[in-house]
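Worksheet: one structure, shown below.
Counting convention: from 1, in listed order, for ligands and their atoms alike. Numbers here are sequence positions counted from 1.
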Amino acid sequence: MEYDIKDIELNVQGKLKIEWASRFMPVLGLIKKRFAREKPFKGFRISCCLHITSETANLAITLKSGGAEVQLCASNPLSTQDDVAASLVSDYGISVFAICGEDRDTYYKHILQVLENKPHITIDDGADLVSTLHTQKTELLYNVIGGTEETTTGVIRLKSMAQQGILKYPIIAVNDSETKFLFDNRYGTGQSTLDGILRATNVLFSGATVIVAGYGWCGKGVAKKAQGLGANVWVSEVNPIRALEAKMDGFNVGPMGEICTIADVIITVTGCENVLNKKHFLKLKDGAILCNSGHFDVEINKKDLNAITVKRRNIRPNCEEYQLKNGRRIYLLGDGRLVNLTAAEGHPAMVMDMSFANQALAVEYLIKHGKELENKVYRLPKDLDYRIAELKLNTLGIKIDKLTPKQKRYIASWQFGT
Ligand code: ADE
């Protein structure tokens with residue numbers, strides 16, 4: 001079996017982490033049991049480009065239980081948990097090509113390595129696997145039945161490929177399932193982002209002024225959790241509806257160029273580039289902390305930051321001090337990459353359970369129906385989304401009400417008015 005990981009002897013710790021995560025992933029556990037009986041993926045190869053975490057390990061093990069040959073590479077050079085990678089290789093026989101801290105060339109070499117396995121299905125987080133396949137390995141496209149995409153940024157890229165007629169196979173946007181974005185993006189990003197900031201800095205949020213750039217589902221989660229810890233939270237937005245939503249959710253709203261002057265902590269979660277640049281860096285207070293929880297490290301302009309820096313030093317793990325020419329010091333966490341996965345462990349398994357249940361069912365759907373689909377980006381069918389919510393409620397021991405037949409008729413009718 002081929003693999004490229006940091007150190008296979010880290011497997012013992014990795015296996016414990018995978019087992020711990022599995023305790024909080026009961027829905028995926030149920031799917032795994034069914035897959036083990038039915039073997040829906042027998043004879044299929046699945047290449048995955050995901051954050052290599054203990055939660056991802058449980059997804060890979062689930063797919064393998066269904067009979068698939070699974071290979072993994074990282075979707076971010078800094079998010080790989082090397083001990084988990086070691087355990088996947090040594091305890092579960094799953095090929096992994098990922099090392100925490102790998103440079104850009106190695107990152108893309110690893111993507112090419114999982115593509116060499118000639119996948120029938122791709123699983124992506126950010127669309128680097130799909131874009132590499134469509135640009136550098138086009139000879140392998142004929143073999144692919146379909147793919148899934150985990151995150152907002154990836155879905156945006158893939159929709160753009162579909163619109164330009166470049167996309168050569170159907171994609172299921174797992175991100176767009178309600179059991180994904182309402183929970184993973186909001187509660188997962190909310191908690192894990194603050195977890196990353198706290199591990200990297202140990203700052204006190206109570207009384208701090210925190211700016212959240214972007215009020216999508218991730219931004220909503222981050223703002224709410226920061227407020228919960230007692231921070232005075234500001235939101236910056238470009239979308240007027242979201243800005244209004246932020247205001248009525250109880251946050252202060254203003255343009256970054258004006259409000260950055262008062263920030264103790266700024267968190268970018270927009271999915272867009274150049275949200276913080278030289279114009280802002282020069283206005284920051286001494287000691288301001290900057291970090292990003294959007295998919296790519298483009299939101300904080302590191303080139304601009306370096307250009308106005310006289311001295312840099314690593315002051316704590318994942319916390320870099322930049323001494324600016326104006327004498328002020330600012331702190332960049334996790335090199336401007338996803339702070340929740342570089343400085344912490346990503347979203348808790350409890351929410352990844354639903355995200356990865358979506359992934360597992362999306363792969364099964366593609367194997368059954370992929371050939372009937374066009375080369376477009378689809379949502380997972382709604383009944384599967386609801387099924388995941390029902391299973392999650394069951395595992396939490398929560399019962400809910402059911403409509404009576406009469407109520408169903410009422411809801412479906414138009415005749416009854418005042
Ligand atoms: N994305 C965010 N959190 C994650 C996690 N724990 N595992 C995999 N991908 C993630």
Side-chain angles (χ1 to χ4, degrees), residues 14 16-25 27-28 46 48-63 70 72-85 87-88 94 96 98 100 107 122-129 148-155 173-177 179-197 199 216-222 225 267-269 271 291-297 318 334 337-360 362-363:
L16 293 173
K17 276 169 76 171
I18 294 170
E19 281 175 26
W20 178 250
S22 80
R23 286 189 67 87
F24 301 95
M25 303 181 86
V27 177
L28 193 63
I46 304 177
C48 316
C49 181
L50 293 166
H51 299 292
I52 309 299
T53 64
S54 51
E55 293 77 26
T56 298
N58 279 288
L59 172 64
I61 293 163
T62 300
L63 298 173
V70 184
L72 294 171
C73 66
S75 59
N76 183 303
L78 292 184
S79 63
T80 299
Q81 297 171 5
D82 290 314
D83 48 4
V84 167
S87 177
L88 278 171
I94 293 173
V96 182
C100 186
Y107 175 81
T122 60
I123 300 183
D124 222 337
D125 185 335
D128 280 348
L129 186 68
T148 67
E149 171 53 53
E150 172 75 7
T151 203
T152 320
T153 295
V155 172
V174 160
N175 181 71
D176 295 355
S177 291
T179 48
K180 200 283 186 180
F181 70 84
L182 289 177
F183 302 92
D184 168 316
N185 300 27
R186 181 166 40 171
Y187 307 118
T189 308
Q191 179 168 316
S192 62
T193 297
L194 294 207
D195 184 11
I197 297 169
R199 292 194 204 196
W217 288 107
C218 295
K220 285 180 174 66
V222 173
K225 300 294 168 196
I267 307 161
T268 57
V269 244
C291 64
N292 167 54
S293 233
H295 185 77
F296 287 118
D297 62 337
N318 292 306
R337 293 192 184 273
L338 284 162
V339 71
N340 60 336
L341 281 140
T342 56
E345 295 170 67
H347 306 347
M350 189 72 162
V351 286
M352 293 313 293
D353 188 25
M354 288 188 280
S355 310
F356 285 166
N358 272 280
Q359 286 285 5
V363 172

[Y] side chain reached by [X] side chain, heavy atoms, under 4.5 Å:
X	Y	result
His347	Asn340	yes
Val269	Thr193	no
Lys180	Gln359	no
Ile18	Val84	yes

Close-contact set for ligand 1 against [X] heavy atoms, below 4.0 Å:
X	value
Thr56	7 (N), 8 (C)
Glu345	6 (N)
Gly346	3 (N), 6 (N)

>> Looking only at distances, can you tell me whether any N or O atom of Asn340, backbone or side chain, sits closer than 3.5 Å to an N or O atom of ligand 1?
In response: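 N/O-N/O distance under 3.5 Å: no.
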> Relative to the ring of Phe183, is the ring of Tyr187 parallel (under 30°), tilted (30 to 60°) or perpendicular (over 60°)?
Replying inline: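 It falls in the tilted class, 30° to 60°.
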> Backbone, side chain, both or neither: what part of Asp184 comes under 4.0 angstrom of ligand 1, heavy atoms only?
Replying inline: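 Neither part.
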> With backbone taken as N, CA, C and O and side chain as the heavy atoms from C-beta onward, which portion of His347 lies under 4.0 Å from ligand 1: side chain, backbone, both, or neither?
Replying inline: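 Both parts.
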Closest non-hydrogen protein atom to [atom], residue and atom name please, with distance?
atom	value
atom 6 (N) of ligand 1	Glu55 OE1, 2.8 Å
atom 10 (C) of ligand 1	Met352 CE, 3.6 Å
atom 1 (N) of ligand 1	His51 CD2, 3.7 Å

>> Test side-chain hydrogen bond (donor to acceptor under 3.5 Å, both in side chains) on His51 and Thr56; report intermediate values, then the result.
In response: CA-CA 7 Å; His51 299 292; Thr56 298; over 6 Å; no
> What do the steps show when you test Thr151 against Glu149 for side-chain contact (heavy atoms from CB on, under 4.5 Å), and what is the final call?
Replying inline: CA-CA 6 Å; Thr151 203; Glu149 171 53 53; 3.4 Å; yes
> Do you know which of Asn76, Thr153, Thr152 makes side chain to side chain contact (heavy atoms under 4.5 Å, CB included) with His295?
Replying inline: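 Between His295 and the candidates, side chain to side chain contact (heavy atoms under 4.5 Å, CB included) is satisfied uniquely by Thr153.
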> Does at least one non-hydrogen atom of Glu150 fall below 4.0 angstrom from an atom of ligand 1?
Replying inline: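 Not so, Glu150 does not reach ligand 1.
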>> Looking at non-hydrogen atoms alone, which of Thr189, Thr53, Leu50 comes nearest to atom 5 (C) of ligand 1?
In response: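 Residue with the shortest heavy-atom distance to the ligand atom: Thr53.
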